[in-house]
Amino acid sequence: MGEICLVSVGAVDPPLLEYLALILGETLHCSTRLEPKRLPPDPFYDPMRRQYYSTRIVELLSNDYGRKEEKVLGVAEVDLFIPILTFVFGEAQLGGRAALLSITRLRQTFYGLPEEPERLYHRAEKEALHELGHTLGLVHCPDYACVMHFSNSIEEVDLKGDRFCVRCARSVRT
Ligand SMILES: [Zn+2]
Ligand SMILES: [Zn+2]
């Protein structure tokens, strides 16, 4: 694994980005940096859905952000969608360089509950690792404890672990 460039998609809480940069570097044994240039998500807003088109943002991240040798991880505060789904927590290019996650639905406040910053950070860490795992060529994993397990709801995000299982970790290395 080479380097990871984190991009703020719109305004995102800087301490969260700094936490992700730190924890991803440690977990994936690579260097990370925060890209000073933000990606404004406004052109990707769908007024009918009141959400942002994830796939287009991933394309822009891939084409215009980061250095050639870097993986690019966009972090968005806005809610994301792809046309066939009501929402996505994130999206990534399988075996490619760009990944994206939204923290909107990782916040307890989205579900009418009081904010829990530690829980939010842990969820964001899992989803960031998950999407970056896709850029490393990993597909969804049947192991419930593996961070590459597919999560369709916030309960499933909480249930899965925050690391690659042995099998996924092995296939990342090779
Ligand atoms: Zn996935
Ligand atoms: Zn796995």
Side-chain angles (χ1 to χ4, degrees), residues 1-9 12 16-17 19-21 23-30 32 39 41 44 46 49 51-63 65-66 70-107 110-111 119-174:
M1 176 95 202
E3 296 174 76
I4 300 170
C5 168
L6 282 93
V7 178
S8 180
V9 177
V12 177
L16 176 63
L17 290 172
Y19 172 76
L20 288 176
I23 199 79
L24 292 171
E26 278 178 12
T27 310
L28 296 170
H29 311 288
C30 64
T32 57
L39 187 158
F44 312 104
D46 184 322
R49 300 187 55 134
Q51 290 171 306
Y52 294 75
Y53 194 173
S54 175
T55 313
R56 297 280 173 264
I57 299 176
V58 171
E59 283 168 1
L60 188 60
L61 282 167
S62 176
N63 293 335
Y65 286 80
E70 288 175 324
K71 299 283 187 196
V72 183
L73 175 69
V75 182
E77 179 72 65
V78 297
D79 198 24
L80 302 173
F81 78 95
I82 59 173
I84 55 162
L85 295 174
T86 55
F87 78 95
V88 288
F89 286 122
E91 189 181 347
Q93 297 171 324
L94 186 64
R97 63 186 297 263
L100 173 66
L101 75 122
S102 164
I103 58 173
T104 299
R105 290 172 192 258
L106 304 181
R107 291 187 181 280
F110 185 85
Y111 307 95
R119 191 188 282 262
L120 169 66
Y121 278 39
H122 196 209
R123 287 169 173 172
E125 172 189 345
K126 289 181 188 179
E127 290 310 297
L129 263 179
H130 181 100
E131 298 306 341
L132 283 169
H134 284 316
T135 69
L136 296 168
L138 294 175
V139 294
H140 289 147
C141 178
D143 184 340
Y144 287 96
C146 177
V147 77
M148 290 314 294
H149 194 72
F150 176 64
S151 25
N152 201 23
S153 69
I154 197 65
E155 291 80 11
E156 289 167 303
V157 174
D158 284 341
L159 277 172
K160 72 180 173 186
D162 56 12
R163 292 294 179 270
F164 298 126
C165 71
V166 175
R167 233 186 77 235
C168 287
R170 195 181 296 137
S171 69
V172 163
R173 273 199 303 273
T174 51

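Read the numbers this way: they start at 1 and go in the same order the structure lists the ligands and their atoms.
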query: At the Zn ion (ligand 2), what angle lies between atom SG of C168 and atom SG of C141, rounded to 10 degrees?
result: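 Rounded to 10°, it measures 110°.
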- request: Return the minimal non-hydrogen interatomic distance between L106 and R123, and the atom names on each side.
  value: O-NH1, 2.8 Å
message: Using 0.5 Å steps for rounding, measure from the OG1 atom of T104 to the OH atom of Y52.
response: 9.5 Å
message: Return the CG to CG distance between L73 and L132, rounded to the nearest 0.5 Å.
response: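 Taking CG in L73 and CG in L132, the distance rounds to 5.0 Å.
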Vertex the Zn ion (ligand 1), arms to H134 NE2 and H140 NE2, rounded to 10°: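 It is 100°, given to the nearest 10°.
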Qualifying residue, where the test is side-chain hydrogen bond (donor to acceptor under 3.5 Å, both in side chains) with H134 and the options are E91, Q93, H140: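 Running side-chain hydrogen bond (donor to acceptor under 3.5 Å, both in side chains) over E91, Q93, H140 with H134 returns exactly one hit, H140.
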task: Verify the distance test for H149 against the Zn ion (ligand 2): any N/O/S atom under 2.8 Å, yes or no.
output: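 Looking at H149, which is the residue asked about, there is no N, O or S atom under 2.8 Å from the Zn ion (ligand 2).
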